[in-house]
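Structure first, then comments.
Order of the sequence lines fixes the chain letters, A, B, ..., with proteins taken first and strands second; residue numbering starts at 1 for each chain. Keep in mind that what you see is a predicted model, and the values were worked out from it rather than measured.
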Number of protein chains: 2
Amino acid sequence: MVTIYDIAAELGLSTSTVSRSLNNSNDVNKKTQKRVLDASCKMGYTSNLLASGLRNRRSNTIGVIIPRLNSAFMSGAIAGIENIINQAGYNLVISQSLENVGREVSCTESMLSNRVAGLIVSLAGDIGSSDHFESFEKHGVPVVFFDRVYDNEKYLNIQIDNFKAAYTITDHLAKQGCREIIHITANRLHTVYQHRVNGYLRALENNGIAFNEKMLIKCDLSDAAGKTVAKQILSMGSRPDGIFSANDVCAIGCMTELKKSGISIPKDIAVAGFNDDPDCCLIEPNLTTIGYDAFGMGELSARVMLEQLSDSFAIPARYSVFMPYHVIIRESTKKEKIGLLQFNAI
Amino acid sequence: MVTIYDIAAELGLSTSTVSRSLNNSNDVNKKTQKRVLDASCKMGYTSNLLASGLRNRRSNTIGVIIPRLNSAFMSGAIAGIENIINQAGYNLVISQSLENVGREVSCTESMLSNRVAGLIVSLAGDIGSSDHFESFEKHGVPVVFFDRVYDNEKYLNIQIDNFKAAYTITDHLAKQGCREIIHITANRLHTVYQHRVNGYLRALENNGIAFNEKMLIKCDLSDAAGKTVAKQILSMGSRPDGIFSANDVCAIGCMTELKKSGISIPKDIAVAGFNDDPDCCLIEPNLTTIGYDAFGMGELSARVMLEQLSDSFAIPARYSVFMPYHVIIRESTKKEKIGLLQFNAI
DNA sequence: TTGTATGCGTTATCAC
DNA sequence: GTGATAACGCATACAA
């Protein structure tokens, strides 16, 4: 491969001048620079980022660790991150923790070995220690968390207010006349889900709905789990009239199965999800849900990262950013009787 | 950061011995190795892959370039690739070309700069020159294409037989009694789509169905495009009784819109897609489609890559692998009259 | 089995 | 504005 030595030899210059030209330094004659750039082009020069990274003691790569790459939310967030990061001249390394803390740890080790300039993370499902992020902090490598974050102010967190969102959507169900609203949540209570549970509970309380443990169903929030939950619900003594699932996938699995068994939605049971997956508008009736801007969240995470990267001497910021979210009300929670009530109320 | 110098100094050894120990070389005393490993652990050593890569003249990273990260197919394929690649001790860099050849080119440049050990690619939408892959070949960096490949035997291609698959599903539509089957394809005819068109045409021919240009509709295969196509179809003089879309997303968009306008599927129009997205089982009626193993295709691509990587002195292989596919017949193409015919035939 | 010495390609410091 | 030189951390050819 062509190196700066080759270019230097070709033009009778030193490698320093070539390097300066290539890096668009001010300390170089513009004409010389042009000669170098032309030659590098002609000779097919490709910069060696490994050498450059070694010399600079860090690569020009930003690492991303996410639980999984298989949701509209995640691919949207990645697209947002990539958009900002690439513009800034960085590359992206993406790794999946597969919802597994062990894998997350080895991902961080690999990122460390690759001397990433920064790390953007959405945490694996379990709540675990954050030890594996400490070496980054120790070596001045900024870490930004998004969506699934640690529940403390020690880190840079980009998220939505899950408590409020869950509160609002549960409250909506109650206002639609639901009196027995169950909540489907993750079996491993990551803070994200814990906050949603809390919001749900508060909404029940404020609407004078009594809560008992049977109303909280834990599963892995998959489509299959949703179907299983539906069967559970069908066999319940007193059947709920509202379901709030902590994600859309599970809500949709559940709905599909309920429909199969002749349950009418929202008449018999109103259903709400979380995330605003595209599938919400595919299932019939369309699914009420919480929507938030995945692409924007990715972009913001990346921007915060770049900010950290630029003033490396500044005290590392420690704060949480809450992104906006909105409740998207669709047919799956529009109970007809309520429609009438609302009509009368006008 | 701790380096092998630090470990060497700590133990009174040379860096070569430390390096050998860390790399599990045979030329080192097992006891010495253990001392080194213990010390490296205690001291919190993290190998510097930039230095190692510079020395070895290539990184331990495999690059992946794909059009977009937003489909079940792609995330499945990526998961498959990652599964194999990680086991082999490599890392993955993923980049999206966003269906744009220009971006694809800059992705390859960045991969080259990062001195990736190999490159796995699914091509951007357009047919373009393959010049940007030549430098890899020139420098002995293996390139494996999957799904969207160049239409020649010059490269390593992992794909399905799109001609046959399209033939089979079109033939199925014809056998269900459809006499005017339209085909929705991409407006930029990548080979993948060209082959599907060809299979479609052959099936028409073999079923004695006349073809005219109006039966071939070109669009970007998005959900929105599907809806637009539906409106086109509704305004056609002679309405088709069968639709074969080159992907599911578009088929589903189209179906949704047709249903809204009171078209009964499959009675009025039978619809078939391609890919077996999970949404095929969400839309009603469920969508007939072509299914193939995304995860397996990813794994195979990665395996072929590793094979190339291992015998670097072998002549680079040049061949195409065709993965199995299967036609998945669901309600969207089961015309009732045919059901009766089949019943009578028993 | 271990150590010495060198180079991978780049950038930064210093001198001119 | 340019050049000589050293150093980044590691791996290997060669010597011992």
Is there side-chain contact between Arg103(B) and Asn86(A), with at least one heavy-atom pair below 4.5 Å?
-> yes
Please state whether the rings of Tyr150(B) and Tyr155(B) are parallel, tilted or perpendicular, taking 30° and 60° as the class boundaries.
-> tilted
Phe136(A) vs Phe133(A) aromatic rings, parallel, tilted or perpendicular, using cut-offs 30° and 60°?
-> tilted
Of Ile84(A), Ile120(A), Val116(A), Val144(A), which is the lone residue that meets side chain to side chain contact (heavy atoms under 4.5 Å, CB included) with Ile62(A)?
-> Ile120(A)
Roughly how bent is the helix from dT1(C)-dA16(D) to dC16(C)-dG1(D) end to end, in steps of 10 degrees, with each end axis from five pairs?
-> 30°
For dT2(D), does OP1 or OP2 lie under 4.0 Å from any side-chain N or O of Thr17(A)?
-> no
Spatial distance of atom CG (Leu300(B)) from atom CE (Met323(B)) [nearest 0.5 Å] = 6.0 Å
Stepwise side chain to side chain donor-acceptor pair (under 3.5 Å) test for Ser16(B) and Ser19(B) = CA-CA 5 Å; Ser16(B) 19; Ser19(B) 175; over 6 Å; no
Its contact letters, B for base, S for sugar-phosphate only and - for none at protein heavy atoms under 4.0 Å, make nucleotides 9-16 of chain C read BBBBB---
Any Leu22(B) side-chain heavy atom under 4.5 Å of Val36(B) side chain = yes
Do the ring planes of Tyr292(A) and Phe73(A) sit parallel (below 30°), tilted (30 to 60°) or perpendicular (above 60°)?
-> tilted
To the nearest Å, how far apart are Leu11(A) CG and dG1(D) C1'?
-> 16 Å
Within residues 26-39 of chain A, residues whose heavy atoms come under 4.0 Å of DNA chain D | Asp27(A), Val28(A), Asn29(A), Thr32(A)
